[in-house]
Amino acid sequence: MPDGRVTIHVRFVVLLLTLAVGCGGEVDVVPRDTSYHNPNLPLEARVEDLLARMTLEEKIGQMHGVTVADIQDMNSTPDNARLGIPGFHMIDGMRGVSITTGAATTFPVGSARGATFDPDLEAQVGEAVGAEARAKGNNMLLAPTINLLRHPRWGRAQETYGEDPLHVGLMAAGFIHGVQQNVIASAKHFALNSIEDTRMTVNVTVDERTLREVYLPHFKRAVDAGVGSIMCAYDKVNGVNSCQNTHLLRDILDGDWGFDGFVESDWLTATHTTVASALAGLDVEMPIVRFFGQPLIGALNSGAVPVSVIDDAVRRILRAKFRFGIFDGKPPLDPATVVESPAHTALARAVEREGIVLLKNAGNVLPLARATTHRVAVVGTLADTVNLGDTGSSDARGSYTITPLAGIQAHAGPVEVTNLARDTLSADDLNQIAAADAAVVVVGLTAADEGEGQQPGSTVGDRTSLDLSADQQQLVLDVASRNPRTIVVLEGGSAIIVEPFVDQVAAMLMAWYPGMEGGNAIAEVLFGDADPSGKLDVTVPRSADQLPPFIDDQNQVEYDYYHGYRYVDKNNLDPRYPFGFGLSYTSCVLRNLRLAASTVAPNGQVRASVDVQNTGLIAGDEVVQLYVGYKGSRVDRPVRELKAFQRVSLAPGETKTVSLAFAAADLAFWDVTTNTFVVEPISYVVQVGSSSRDLPLQTTFAVADR
Ligand code: BGC
């Protein structure tokens with residue numbers, strides 16, 4: 001626990017003592033043997049017992065962050081000394097625990113982890129980040145970020161897992177399970193918060209079907225995974241601020257999904273009102289109390305907010321405190337053995353290995369054989385730049401970072417590495433590039449190009465274009481004109497248009513923001529110590545007009561039904577790299593797709609299996625993807641949608657049978673006439689393969705009438 005926090009806690013206790021007994025009085029602390037303290041009682045009984053002992057002021061005291069005077073502790077809610085209720089201590093941590101608490105294991109960003117298509121690995125990441133958050137004295141992590149990547153220009157694209165609701169939801173569920181071994185997770189930002197420049201003022205209009213089918217299913221999966229908390233967003237949805245949006249918070253989150261955790265507001269300006277927010281289901285105003293606290297007491301006294309609403313909010317908060325061991329005092333973890341532990345940093349490297357996407361490999365220029373590659377030139381400023389992602393709230397940094405150059409040097413063995421880690425090349429540099437057996441040029445985006453906006457120290461926001469800078473494009477072309485074995489390593493948070501140079505270079509890989517161990521993982525892939533096996537979690541277009549418009553300078557935006565691969569498929573467009581795409585050094589053949597049943601009940605499970613054989617000479621992974629199309633639906637449907645995926649590791653020559661299953665309920669569309677999800681009794685086309693555009697196996701099944 002940082003020293004500052006200890007001091008602050010003492011100050012809180014003094015403040016609460018003053019509130020409870022008046023100046024100079026003694027606090028009347030409830031004895032430790034009172035019922036709600038008993039960990040053997042059922043959780044709900046403890047909640048009810050404690051709730052019954054609380055004054056209205058104490059209840060409302062649970063529902064907000066600190067006062068302006070305590071602004072330095074603005075990620076916390078106050079303790080209650082009389083009843084012994086600990087406050088929340090929240091910390092950001094989408095790629096590792098926030099730099100505000102010092103160094104921590106810094107993982108590849110969310111989009112890189114999405115590219116692993118590996119929810120089990122993501123659960124390990126969650127567990128590691130949660131453990132480090134706990135070791136640093138926190139009991140709640142403000143992650144995962146799961147807004148859907150509607151457009152790759154979104155400044156926070158790097159935080160989320162990608163453009164597909166099912167995939168984002170499954171990755172998030174993995175992370176949440178892991179985090180909540182240690183602390184509460186908070187899925188954010190609810191909802192439709194995927195434009196940065198106008199995030200605090202924009203009104204996103206969306207029709208109910210699009211909302212339910214495209215922009216919310218991943219939040220539902222987070223709820224089904226037991227997420228303890230949801231953060232409501234800055235933006236307005238259909239004219240109503242997210243944190244006072246009855247439709248989002250009461251109708252859908254609580255009503256339809258049965259969420260029993262609590263909702264806290266996003267930070268600076270997400271709470272706008274007292275009565276409307278409380279009635280809509282905002283439980284905790286963060287980070288500074290403005291609309292809750294005294295104004296909420298006033299609203300209670302005037303009858304504008306009934307006690308039942310307050311009780312419901314406090315029940316949710318107390319439930320979380322009991323459920324996650326906050327109340328009973330979870331044993332602290334030792335930062336010295338947990339933060340940046342060898343296991344965690346090794347995990348950061350493993351995740352990047354799985355997340356790197358090999359986009360092009362003409363003539364099998366990769367992997368670089370150490371026996372025949374005598375000299376490799378490593379080019380570009382980014383080759384030797386610490387490039388972990390943006391400097392907004394997800395900013396995390398390790399106490400060291402392996403840059404691509406450092407990783408290549410460490411893994412080169414007998415290969416001579418020529419360090420040309422600069423963007424301006426001299427004539428001599430160009431000669432050295434020409435003389436090398438291969439050139440690796442690292443280009444991409446940095447925190448200067450994309451990131452969270454309106455955050456102290458970062459006002460970057462959304463990307464202005466999907467292209468690389470003209471200078472970087474020219475750098476790649478210059479290198480490629482001197483060396484036919486030019487390999488481009490791209491860094492960045494989402495899709496980058498590569499048209500200006502893709503045909504000139506031999507190989508290209510997407511390394512994302514690769515985390516503190518990224519250089520090692522990149523080098524392992526380049527030299528073939530690891531097989532690249534990541535798959536794109538975002539469509540890479542040839543030009544911006546292959547995607548829906550991205551508007552970041554207006555306060556009124558409409559989110560349509562189609563984006564990403566659904567958009568390019570529907571409009572018959574040919575993206576440069578489709579969703580789910582990624583090459584490997586080995587080759588896999590998929591055969592023998594079969595379904596457990598050709599007709600499935602509307603509440604049943606669709607079960608498929610497929611044989612996958614590694615027909616290459618080295619071990620490797622494949623991500624088997626199952627998409628479904630709709631025949632004869634009475635509404636407009638996407639051409640195909642991802643319904644299941646499974647990563648599988650195969651030795652050379654090995655065949656494994658992969659099972660893929662999903663609920664028939666996932667085939668439903670939102671029927672605007674009945675306001676329900678409807679699974680139609682029609683025919684469904686199952687396609688299985690290794691990307692959304694490489695689907696060699698196909699079969700059909702039907703859903704029974706009832
Ligand atoms: C961000 C949240 C973050 C919070 C606390 C906000 O501005 O939108 O994602 O958790 O700040 O740092």
Side-chain angles (χ1 to χ4, degrees), residues 64-66 70-77 87-101 104 109-111 129-130 133 136 138-149 154-161 168 172 175-176 179 183-202 204 219 222 227-237 241-243 262-272 282 284-290 389-397 447 450-462 493 552:
H64 55 74
V66 297
D70 289 303
I71 197 159
Q72 73 277 24
D73 201 20
M74 69 174 196
N75 286 355
S76 294
T77 63
F88 291 122
H89 300 295
M90 310 177 182
I91 190 76
D92 283 299
M94 190 53 199
R95 65 175 195 245
V97 179
S98 165
I99 184 63
T100 55
T101 63
V109 291
S111 52
V129 178
K136 284 166 172 270
N138 305 283
N139 52 31
M140 179 165 161
L141 190 79
L142 300 170
T145 304
I146 58 169
N147 296 107
L148 204 64
L149 183 60
W154 178 33
R156 297 180 78 171
Q158 61 193 271
E159 290 182 46
T160 192
Y161 297 111
V168 170
F175 184 79
I176 289 162
V179 168
V183 295
I184 305 176
S186 180
K188 66 188 187 184
H189 313 79
F190 195 65
L192 296 100
N193 175 182
S194 47
I195 300 171
E196 203 47 22
D197 292 342
T198 52
R199 66 174 171 165
M200 297 195 181
T201 49
V202 69
V204 181
F219 279 98
V227 75
S229 146
I230 296 274
M231 182 190 289
C232 54
Y234 290 124
D235 55 281
K236 294 189 187 80
V237 175
N241 288 302
S242 292
C243 291
F262 66 94
V263 174
E264 87 278 2
S265 69
D266 200 346
W267 259 230
L268 313 170
T269 59
T271 311
H272 295 262
L282 173 64
V284 181
E285 179 191 17
M286 290 301 290
I288 304 289
V289 53
R290 291 188 303 152
D390 86 334
T391 54
S393 59
S394 74
D395 192 357
R397 298 177 213 170
E450 58 179 346
E452 185 175 345
Q454 298 171 43
Q455 192 79 8
S458 162
T459 50
V460 178
D462 299 310
D552 60 340

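Read the numbers this way: they start at 1 and go in the same order the structure lists the ligands and their atoms. Since the structure is predicted, the reported quantities are computational estimates derived from the model, not experimental observations.
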Taking N or O atoms only and a 3.5 Å limit, does Asp92 qualify as a polar contact for ligand 1? yes

If you measure every N/O of Asn75 against every N/O of ligand 1, is any gap under 3.5 Å? no

Heavy atom of Arg199 under 4.0 Å from ligand 1? yes

Take every heavy atom of Leu268, measure it against each atom of ligand 1, and state whether any distance is under 4.0 Å. no

Numbered atoms and elements of ligand 1 in range of Tyr234, under 4.0 angstrom, heavy atoms: 6 (C), 7 (O), 8 (O)

Location of contacts on Met74 toward ligand 1, heavy atoms closer than 4.0 Å: neither

Any heavy atom of Met231 closer to ligand 1 than 4.0 angstrom? yes

Euclidean distance, Ser186 OG relative to Asp92 CG, rounded to 0.5 Å: 9.5 Å

Distance check, rounded to the nearest 0.5 Å: Asn241 atom CG versus Asp235 atom CG? 8.5 Å

Heavy-atom pair of closest approach, residues Leu141 and Ala133: CD1-CB, 4.0 Å

Asn75 and Trp267: side-chain donor and acceptor closer than 3.5 Å? yes

For His189, take its heavy atoms, then give the atoms of ligand 1 lying under 4.0 Å from any of them. 2 (C), 8 (O), 9 (O)

Apply side chain to side chain contact (heavy atoms under 4.5 Å, CB included) to Val284 and list each qualifying residue two or more places apart in sequence or on a separate chain. Thr77, Phe262, Glu264, Met286, Ile317

Can a non-hydrogen atom of Met90 be found less than 4.0 Å from any atom of ligand 1? no

Can any side-chain N or O of Glu450 pair as donor or acceptor with the backbone N or O of Gly493 at less than 3.5 Å? yes

